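Small disclaimer: the values here were computed from a predicted structure and weren't measured. Letters A, B, ... are given to chains in the order of the sequence lines, protein chains preceding strands, and every chain is numbered from 1.
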Amino acid sequence: GEDVEQSLFLSVREGDSSVINCTYTDSSSTYLYWYKQEPGAGLQLLTYIFSNMDMKQDQRLTVLLNKKDKHLSLRIADTQTGDSAIYFCAESTPDILTGGGNKLTFGTGTQLKVEL
Amino acid sequence: DAGVIQSPRHEVTEMGQEVTLRCKPISGHDYLFWYRQTMMRGLELLIYFNNNVPIDDSGMPEDRFSAKMPNASFSTLKIQPSEPRDSAVYFCASRGHLLNTEAFFGQGTRLTVV
């Protein structure tokens with residue numbers, strides 16, 4: 001079955017780069033996502049990458065995908081205190097149970113703490 | 001659309017009481033998910049529905065938990081009887097059918113069982 005794993009905590013200093021890692025097990029993943037959860041709020045989509053891509057860049061965010069190793073990472077350049085949040089990776093896989101294509105599996109989340 | 005709407009935002013109840021959490025997904029979305037978030041275990045998928053039909057409830061912790069989706073615009077998650085270890089934030093999310101569509105989350109219900 002699907003399994004998405006992340007480390008629970010990451011602490012960085014303001015201005016440094018943050019790298020949040022994620023591993024997944026389902027090789028049929030089609031899209032992989034990064035969500036952000038700020039305190040007291042629900043999850044919001046940050047960015048996503050299609051499984052046939054290696055890299056995607058969006059301003060301070062860089063997503064790297066190593067499909068062979070089933071490893072996904074999110075790099076945040078010049079990390080700011082406002083980046084403190086929980087970051088979730090998620091994979092979208094074909095839903096065998098429904099015959100459709102929309103099962104979404106989340107990791108447990110990585111809490112990023114940005115220190116001054 | 002106002003997004004995914006959950007109610008109540010906060011619920012405090014005594015052990016042994018029945019608790020019902022409610023969710024209104026985004027109109028037109030085929031999928032609805034219930035998640036539970038705790039500090040110890042992170043975000044856990046409890047159950048998800050496709051076109052109002054429960055597809056996978058393997059994440060539901062035990063028989064005290066049940067979920068229904070009587071129509072496309074409403075779902076409930078019920079805990080009966082509630083226990084202190086059920087204290088968590090419960091999220092509902094909905095998503096369209098296409099593979100690359102994002103899941104939209106509600107604000108969550110913070111449940112405290114004392």
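The number of heavy atoms from other shown groups lying within 6.0 Å of CZ (Arg110(B)) does not exceed 12. Other residues, nucleotides and ligands contribute only 12 or fewer heavy atoms inside 6.0 Å of the CE atom of Met15(B). Around atom CG of Asn52(A), more than 12 heavy atoms belonging to other residues, nucleotides or ligands sit under 6.0 Å away. The environment of CD in Glu62(B) is crowded: more than 12 heavy-atom neighbours from other residues, nucleotides or ligands sit within 6.0 Å.
Contact tally against chain B (heavy-atom pairs below 4.5 Å) for Gln37(A), Gln44(A), Gln111(A): the top residue is Gln37(A).
Closest approach of Ser92(A) to Arg95(B), counting heavy atoms only: OG-NH2, 3.3 Å.
Proximity to chain A is limited to the backbone of Arg41(B), based on heavy atoms less than 4.5 angstrom apart. Looking at Phe104(B), there are no atoms closer than 4.5 Å to chain A (heavy atoms on both sides), in backbone or side chain. Only the side chain of Tyr35(A) comes within contact range of chain B, with heavy atoms under 4.5 Å apart. Within the 4.5 angstrom heavy-atom criterion, no atom of Glu44(B) approaches chain A.
Within the 4.5 Å cutoff, no side-chain heavy atoms of Ile86(A) are placed close to those of Leu43(B).
Between Phe88(A) and Phe105(B), the distance separating the two ring centers is not shorter than 6.0 angstrom.
In this structure, Leu45(B) is a member of the same hydrophobic cluster as Ile55(B), with clusters built from ILVMFWY side-chain heavy atoms closer than 4.5 Å.
With rounding to the nearest 0.5 angstrom, the CZ atom of Phe106(A) is 8.0 Å from the CZ atom of Phe33(B).
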